[in-house]
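Encoded as structure tokens, the structure appears first; notes follow it.
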There are 2 protein chains.
Amino acid sequence: MRTAIFAAALLAAPALDADTAPSYPPTPSEIVAAAAPSDWVAIDPSDVLVVTFAPDAAGRERKVVIQLIAAPFSTVWTANIRTLAKAHWWDGLAIVRAQDNYVVQWGDPDGEDEAKARALPAGLKPTSEQDYAIPVPPRPTSEATGADVGAPAVGFGVLRDSYAPSVGYTLTGWPTASDGQDWWPIHCYGTVGVGRDVSPSAGTGAELYAVIGQAPRHLDRNIAVVGRVIEGIEHLSTLPRGTEALGFYATPAERTPIASIRLASDLPAAERPRFEYLSTESASFAQYVNARANRHDAFFIKPAGGVDICNAPVPVRRAKAG
Amino acid sequence: MRTAIFAAALLAAPALDADTAPSYPPTPSEIVAAAAPSDWVAIDPSDVLVVTFAPDAAGRERKVVIQLIAAPFSTVWTANIRTLAKAHWWDGLAIVRAQDNYVVQWGDPDGEDEAKARALPAGLKPTSEQDYAIPVPPRPTSEATGADVGAPAVGFGVLRDSYAPSVGYTLTGWPTASDGQDWWPIHCYGTVGVGRDVSPSAGTGAELYAVIGQAPRHLDRNIAVVGRVIEGIEHLSTLPRGTEALGFYATPAERTPIASIRLASDLPAAERPRFEYLSTESASFAQYVNARANRHDAFFIKPAGGVDICNAPVPVRRAKAG
């Protein structure tokens, strides 16, 4: 018995002859690829962190690019992160933790040792757990578009949620949740947040983590969400897992050194990466989310009729040169 | 300014003096650790696959242990997988694909080349996409306990879902979903499924994948779920990601060779690992799921009030020797 089981086609239909191929609705990826140039919004380089780690064992470069979350969320922490980056505070520090199906974390390995901890730069603002969520605004309108920016900004009908009464995307391209009174950014794969000690510590922003597993949504409103990885997540997700409790590395030699962390806007123009995201206000985005909820392309038999917001991430790509 | 931000405590409270420490409800891990021995159910070695890959670059052993799903789900595929393991069919084949935030896949790298593909063993059963789900049984009772095994078997009140009208755990310890008519196993982190070509192919079971990212629940009822990784997932999740479409490796040298795949029951007794899972019928399990939905331990400020079923995985551990 020999059956065709090689699953290069696990998610994609094989190329079929155009004359005989049945017609299927486009996949989510095809919808994104077909979106008009005007559906894409440039990401400001001052909202982008370029994290450069030491090269890997084969000498290959390891860069991870993070987009900082837009106001009105977590603004005190993102201000601190800009201050830390401008001070080159992270340079020479390291990844200290990699816990499977959870987070990778970086910062000062000696942060708990007062004698050895690196001094924080001047100008960091105090942070508060009060700022993990914001009050739902009284239905203001977007200055740019006149659209409603109340929460959830763009929810469609296909997002249901296990953790909050409603979820949706802000008009600035961020996944959020709300209980009608408060509104907060959420943890998905690739989300970047602020490590902290037990409450009332809310963390300065010097200790950061990125999610490398199932969305840890129980951290929502319990930790500051400050951004998302938009390129190079594989340099974090493939790191050897730490063997100590919570995935901390047992020895300094296991840590990955940080060469530098810079705002893209502080890099020379030639080195400045440029990114754009698919507008959450665009018809293309709505089509994309609906296709994620209802897969009707060649590979699929039963569409789900719903989708977890973390399985419909806002598409981000390198901007075309121009 | 120097604040305590080192987040060894990202998820755990630091050790506090017992006289002064406030009292908090137990964490999910503490609940599992405190469960009575009688709450744990032995996993039959004939339901366990031991996957041994070639050693890593440092010569370290890489073993991944998979528990095959219990009847009445996917029984044709799990029968085929037993046949393939007994035939030593996978030995010398390889991991062919690692796609970030999605799956790692293994099988015959030459499976699509009829001249080079490895012949499948005799005795494999034909498979059908009809078997991705089963009809909800007419409320039968468990022979062992007399309990209702209708779907969802154990749902509690805190599981809400983006993909199906109801979700819950079977009395045999598996996360499932139902629409009232049909009942099916679901995709979470670590779930093992059967690669296939486009429908009506349903895959034999020779080509397998494991989930290494956000639960791809849109695959539910579109692919056969056959098990879950219960030990060693880090040997899959940390693999370098493939650079071809869908994360396939560009060159044979990037593939990780499979040394052997065996049923634990076919290993010499001394090499046979023994595992047990926390009974989904136990009070400990209910307490664990509820604690996952409502974190009140020292680190947390705002409990969510709900939990994704994939964030409340059934606890599995090595059985105590005895």
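The basis for the numbers below is simple: all heavy atoms, side chains too, and nothing from hydrogens, waters or symmetry mates. Remember, it's a predicted structure, so these values are computed and weren't measured experimentally. Convention: sequence-line order gives letters A, B, ...; per-chain numbering from 1.
The structure places CD of B:Gln130 at 8.5 Å from CD1 of A:Ile301, a figure rounded to the nearest 0.5 Å. For the atom pair OH of B:Tyr189 and OH of A:Tyr189, the computed distance is 8.0 Å after rounding to the nearest 0.5 Å. Separation of atoms CG (A:Asn101) and OG (B:Ser237) is listed at 8.5 Å; rounding is to 0.5 Å. The line from CZ of A:Arg241 to CD1 of B:Ile233 is 9.5 Å long, rounded to the nearest 0.5 Å. Here A:Asp197 contributes atom CG and B:Phe299 contributes atom CZ; the two are 8.5 Å apart, rounded to the nearest 0.5 Å.
No side-chain donor-acceptor contact under 3.5 Å links A:Asp100 to the backbone of B:Glu234. Under the 3.5 Å distance criterion, the side-chain polar atoms of B:Thr238 are left unmatched by any main-chain donor or acceptor of A:Pro240. Judged purely by atom type and a 3.5 angstrom limit, A:Asp220 has no side-chain atom pairing as donor or acceptor with the backbone of B:Ala304. A donor-acceptor pair is defined here as one N or O able to donate and one able to accept, closer than 3.5 Å; no such pair exists between the side chain of B:Arg160 and the backbone of A:Pro165.
The shortest non-hydrogen separation linking A:Arg217 to B:Asn311 is N-ND2, 4.1 Å.
Both the backbone and the side chain of A:Gln214 come within less than 4.5 Å of a heavy atom in chain B. With a threshold of 4.5 angstrom between heavy atoms, B:Leu239 approaches chain A through N, CA, C or O but not through any side-chain atom. When heavy atoms are compared at a cutoff of 4.5 Å, A:Pro200 does not approach chain B at all. Residue contact with chain B, scored on non-hydrogen atoms closer than 4.5 Å, involves the backbone and the side chain of A:Asp308 alike.
Between chain A and the residues B:Asp161, B:Ile212, B:Val307, B:Asn294, the largest count of heavy-atom pairs under 4.5 Å involves B:Val307.
A cation-pi arrangement, defined by a distance under 6.0 Å to the six-membered ring centre and an angle within 45 degrees of its axis, is absent between B:Arg221 and A:Phe300.
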